[in-house]
Enquirer: 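Could you have a look at this structure, given as structure tokens, before my questions?
Nothing here was measured: the structure is a model prediction, and the numbers come from that model. In what follows, every heavy atom counts, from backbone to side chain, and hydrogens, waters and symmetry copies are set aside. Residue numbers count from 1 along this sequence.
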Amino acid sequence: MLQTVSDWLWWERLWLPVGVSWSDLEDSEGRVYAKASQLYAVVPCALCILLVRYLFERYLATPLADAWGVRDKVRLTAEQNPLLENYFCSQARVPSQADVRFLCKKTSWTERRVQVWFRRRRNQERPGLRKRFCEASWRCVFYFFAFVYGVLALYDKPWFYNLKEVWAGFPKQSMLQSQYWYYLLEMGFYLSLLLSLTFDVKRKDFKEQVIHHTATLTLLSFSWISNYIRIGTLVMAVHDSADILLEGAKVFNYAKWHKTANGMFVVFTALFMMTRLVIFPFWLIHCTWVYPLEEFAPFFGYYFFNVMLLVLQMLHIYWAVLISRMLYKFIFSKLEGDDRSDEDEADSDSPKERNHKLSHRNGSGARGRANGH
């Protein structure tokens with residue numbers, strides 16, 4: 001049974017073009033090819049990256065936060081109430097209006113007091129400003145060095161300037177040491193992000209982050225096994241370029257260097273739109289969709305790889321909408337922090353909530369008068 005599954009999984013027609021077998025990709029005559037077994041190294045690499053991140057945040061980012069005066073907001077602690085705590089942990093963090101009234105009866109508290117308790121309790125679960133600063137600092141530093149390494153590994157390669165060279169001699173393309181370490185570094189990093197998602201700052205696009213990291217790891221793993229390494233390195237470099245500025249803008253925003261943060265955010269927006277909405281779909285996806293057909297007939301791996309690229313492109317469009325909203329707020333109102341972040345709640349109702357309640361009351365009164373009451 002296991003042998004049958006293994007034979008099907010490694011069936012050559014899934015991974016390689018017609019006329020090419022695994023035996024053609026065995027090391028010989030000075031040529032070295034990527035091997036699936038090398039992907040096992042990604043797991044210890046991810047664990048090492050998590051350790052490096054811990055040391056970086058503790059001994060570099062935290063002292064930097066102290067030097068720049070990054071402080072957590074003073075939060076009011078929710079008062080002790082076993083009944084509300086049980087409801088918060090086992091049922092819902094945000095109770096409905098009907099549940100609020102039910103809890104008021106159970107606790108003999110006013111509706112206002114119950115709502116304030118839940119707001120304070122939710123705030124206790126949210127990461128502080130210093131944690132956000134340290135996390136953004138780490139990602140900014142990693143993306144910077146990964147991008148620099150990627151450029152150094154690519155700048156003298158012909159496929160960096162002529163995308164048709166990506167498929168020259170495919171799939172019998174020898175793996176370079178620079179490509180091996182670039183892949184290992186990037187895959188280890190994205191696996192570390194996936195492992196730390198539950199501990200990192202929660203954002204509104206949490207599910208999209210899971211999809212993105214999973215799709216990225218799947219895409220990189222498949223490209224490694226099928227020897228799509230040249231296009232894989234280009235995709236990684238394009239993604240890292242804009243992420244440096246995004247995380248850098250967050251760092252300066254948390255440190256209240258607002259002019260610097262705003263300037264970086266504007267440059268980031270322009271670079272994101274160019275790399276993710278222009279270069280990625282019209283150059284790189286075009287390169288993987290059109291040029292391979294000049295070299296070989298379509299096979300499963302061809303379709304699978306392009307579908308995974310399209311999944312990433314859909315996420316790019318989603319994030320482009322979020323970034324556009326942030327840019328709109330920046331230009332026409334006031335932008336504070338990351339629009340994806342789960343921000344602290346105040347004890348008092350927000351203007352939007354007060355207006356909603358007021359309109360609800362006015363609407364009820366109008367209906368009452370219309371009914372003759």
Enquirer: Answer yes or no: is there a donor N or O on one side and an acceptor on the other, between the side chain of N227 and the main chain of Y33, under 3.5 Å?
Expert: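 No, N227 side chain to Y33 backbone: no donor-acceptor pair under 3.5 Å.
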
Enquirer: Start with the C-alpha distance between F304 and L14, add both sets of side-chain angles, then the distance that settles side chain to side chain contact (heavy atoms under 4.5 Å, CB included), and finish with yes or no.
Expert: CA-CA 9 Å; F304 179 81; L14 289 178; over 6 Å; no

Enquirer: Got a sec: does the CZ of F144 have more than 12 other heavy atoms crowding it under 6.0 Å?
Expert: no

Enquirer: Side-chain contact test, heavy atoms from C-beta onward, threshold under 4.5 Å: evaluate it for E186 versus Y149 and give yes or no.
Expert: no

Enquirer: Mind running side chain to side chain contact (heavy atoms under 4.5 Å, CB included) on W283 and L234 for me, showing each step along the way?
Expert: CA-CA 10 Å; W283 290 7; L234 292 173; over 6 Å; no

Enquirer: Quick check: does any side chain N or O of S223 sit under 3.5 Å from a backbone N or O of G232, one acting as donor and the other as acceptor?
Expert: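 No, because the side chain of S223 does not come within donor-acceptor range (under 3.5 Å) of the backbone of G232.
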
Enquirer: Minimum heavy-atom separation for L194 to V210, with atom names?
Expert: CD1-O, 4.2 Å

Enquirer: Output the distance between atom CG (N81) and atom CZ (F118), rounded to the nearest 0.5 Å.
Expert: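 With rounding to 0.5 Å, CG (N81) is 8.5 Å from CZ (F118).
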
Enquirer: Determine yes or no for a side-chain-to-main-chain donor-acceptor pair under 3.5 angstrom, with K157 supplying the side chain and A153 the backbone.
Expert: yes

Enquirer: When you check the gap from the basic side-chain N to the acidic O, do R53 and D200 get nearer than 4.0 Å?
Expert: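 Looking at D200 together with R53, the answer is yes, because their closest N to O distance falls below 4.0 Å.
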
Enquirer: Keeping S137 on the side-chain end and A61 on the backbone end, is there a donor-acceptor pair under 3.5 Å?
Expert: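 No; zero donor-acceptor contacts below 3.5 Å.
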
Enquirer: For the residue pair H316 and H239, is the inter-centroid distance of their aromatic rings smaller than 6.0 Å?
Expert: yes

Enquirer: Apply side chain to side chain contact (heavy atoms under 4.5 Å, CB included) to residues H213 and L197 and explain how you reach the verdict.
Expert: CA-CA 10 Å; H213 299 338; L197 267 176; 4.0 Å; yes

Enquirer: If you look at every heavy atom in P298 and L293, which pair is closest and at what distance?
Expert: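 Scanning both residues, the minimum pair turns out to be CG-CD2, 3.5 Å.
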
Enquirer: Using a 3.5 Å distance criterion without hydrogens, assess whether the side chain of T260 forms a donor-acceptor pair with backbone atoms of F252.
Expert: no

Enquirer: Identify the two heavy atoms, one from L25 and one from P171, that lie closest to each other, and give their separation to 0.1 Å.
Expert: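 Heavy atoms of L25 and P171 come nearest at CD2-O, 3.6 Å.
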
Enquirer: Should F280 and Q313 count as side-chain neighbours, where that means a heavy-atom distance under 4.5 Å?
Expert: yes

Enquirer: Do any N or O atoms from the side chain of T288 and from the backbone of I285 form a donor-acceptor pair under 3.5 angstrom?
Expert: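 Present.
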
Enquirer: Quick one: SG on C48 to CG on L185, what's the gap to the nearest 0.5 Å?
Expert: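 It is 11.5 Å, given to the nearest 0.5 Å.
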
Enquirer: Hey, are R132 and E135 close enough for a salt bridge, meaning a charged N less than 4.0 Å from a carboxylate O?
Expert: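 Looking at R132 and E135, the cut-off is not met.
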
Enquirer: Are F296 and F299 near enough that their ring centres are under 6.0 Å apart?
Expert: yes

Enquirer: Parallel, tilted or perpendicular, judged at 30° and 60°: which one describes the rings of Y228 and F170?
Expert: perpendicular

Enquirer: Kindly give the heavy-atom pair with the smallest separation between S21 and S23, and that separation in Å.
Expert: OG-OG, 2.7 Å

Enquirer: Ignoring hydrogens and geometry beyond distance, is a side-chain donor-acceptor pair present between Y183 and T233 at under 3.5 Å?
Expert: no

Enquirer: Is there a side-chain contact between W167 and R230 (heavy atoms, below 4.5 Å)?
Expert: no

Enquirer: Establish whether Y54 and F142 are linked, either directly or via other cluster members, by ILVMFWY side-chain heavy-atom contacts under 4.5 Å.
Expert: no

Enquirer: How long is the gap from NZ on K250 to CZ on F265, to the nearest 0.5 Å?
Expert: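 Reported to 0.5 Å precision, the distance equals 11.0 Å.
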
Enquirer: I need the D243 CG to T275 OG1 distance, nearest 0.5 Å.
Expert: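 Those atoms lie 8.0 Å apart.
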
Enquirer: Please check this pair: side chain of Q38 against backbone of I225, looking for a donor-acceptor N/O pair closer than 3.5 Å.
Expert: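 Such a contact is absent between Q38 side chain and I225 backbone.
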
Enquirer: Could you check if a side-chain atom of M264 sits within less than 4.5 angstrom of a side-chain atom of N253, using non-hydrogen atoms only?
Expert: no

Enquirer: Do the ring centers of F160 and Y155 come within less than 6.0 Å of each other?
Expert: no

Enquirer: Is L312 linked to F282 within one hydrophobic cluster, defined over Ile, Leu, Val, Met, Phe, Trp and Tyr using a side-chain heavy-atom separation of less than 4.5 Å?
Expert: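 L312 and F282: one cluster.
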
Enquirer: Do D27 and K35 meet the salt-bridge criterion of a basic N to acidic O distance under 4.0 Å?
Expert: yes

Enquirer: For residues E26 and W22, is any side-chain donor paired with an opposing acceptor at under 3.5 Å?
Expert: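 No.
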
Enquirer: Is a side-chain N or O of W117 found less than 3.5 angstrom from the main chain of E79, in a donor-acceptor match?
Expert: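 Present.
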
Enquirer: Does W109 reach the side chain of L84, with side-chain heavy atoms less than 4.5 Å apart?
Expert: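 The answer is yes; the side chains approach within 4.5 Å.
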
Enquirer: Contact between L60 and L64 at the side-chain level, heavy atoms closer than 4.5 Å - yes or no?
Expert: no

Enquirer: For A34, does its backbone N or O pair with a side-chain atom of Y180 as donor and acceptor, under 3.5 Å?
Expert: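 No.
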
Enquirer: Might you work through the side chain to side chain contact (heavy atoms under 4.5 Å, CB included) test for V321 and Y318, ending with a clear yes or no?
Expert: CA-CA 5 Å; V321 172; Y318 170 79; 5.9 Å; no

Enquirer: Same cluster or not: V52 versus V42, using hydrophobic residues (I, L, V, M, F, W, Y) connected whenever any side-chain heavy atoms lie under 4.5 Å apart?
Expert: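 As far as the 4.5 Å side-chain criterion goes, V42 and V52 are connected within one cluster.
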
Enquirer: Using a 6.0 Å cut-off, check whether atom CZ of R71 has over 12 heavy atoms from anything other than its own residue.
Expert: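 Check passes, neighbour count above 12.
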
Enquirer: Please answer: with hydrophobic residues joined when any side-chain heavy atoms are less than 4.5 Å apart, are V278 and V238 in the same cluster?
Expert: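 Same cluster: V278 reaches V238 through Ile, Leu, Val, Met, Phe, Trp or Tyr contacts under 4.5 Å.
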
Enquirer: Under a 4.5 Å cut-off applied to non-hydrogen side-chain atoms, are L310 and M314 in contact?
Expert: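 They are not in side-chain contact.
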
Enquirer: Should V307 and V290 be regarded as members of a common hydrophobic cluster, given that ILVMFWY residues are connected when their side-chain heavy atoms come within less than 4.5 Å of each other, either directly or indirectly?
Expert: no

Enquirer: When you check the side-chain N and O atoms of Q80 and E85, is any donor under 3.5 Å from an acceptor?
Expert: no

Enquirer: Looking only at heavy atoms, which two atoms of M273 and S324 are closest? And how far apart?
Expert: CE-OG, 3.6 Å

Enquirer: Give the ring-plane orientation class for W68 versus F133, where under 30° counts as parallel, over 60° as perpendicular and anything between as tilted.
Expert: perpendicular

Enquirer: How far does OG1 of T218 sit from OH of Y190, to the nearest 0.5 angstrom?
Expert: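 Output value for this atom pair is 13.5 Å.
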
Enquirer: Regarding D99 and K106, does a basic nitrogen lie under 4.0 Å from an acidic carboxylate oxygen?
Expert: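 No, no charged N to carboxylate O under 4.0 Å.
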
Enquirer: What I want to check is whether the side chains of R139 and Y143 have a donor and an acceptor closer together than 3.5 Å.
Expert: no

Enquirer: Are F272 and W319 an aromatic pair, judged by ring center distance below 6.0 Å?
Expert: no

Enquirer: To the nearest 0.5 Å, tell me how far L39 CG sits from S221 OG.
Expert: 5.0 Å

Enquirer: Quick one, F88 and R93 - any side-chain contact, counting heavy atoms below 4.5 Å?
Expert: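 F88 vs R93: side chains touch.
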
Enquirer: Is it true that a side-chain atom of R31 and a backbone atom of K172 form a donor plus acceptor pair closer than 3.5 Å?
Expert: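 Side chain of R31 to backbone of K172, a donor-acceptor pair under 3.5 Å: yes, one is there.
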
Enquirer: For C287 and P292, which heavy atoms make the closest approach, and how far apart are they?
Expert: O-CD, 3.0 Å

Enquirer: Salt bridge (charged side-chain N to carboxylate O under 4.0 Å, His left out), that's the test. Do R130 and D66 meet it? Break it down for me.
Expert: CA-CA 9 Å; R130 288 169 66 88; D66 292 334; 2.7 Å; yes

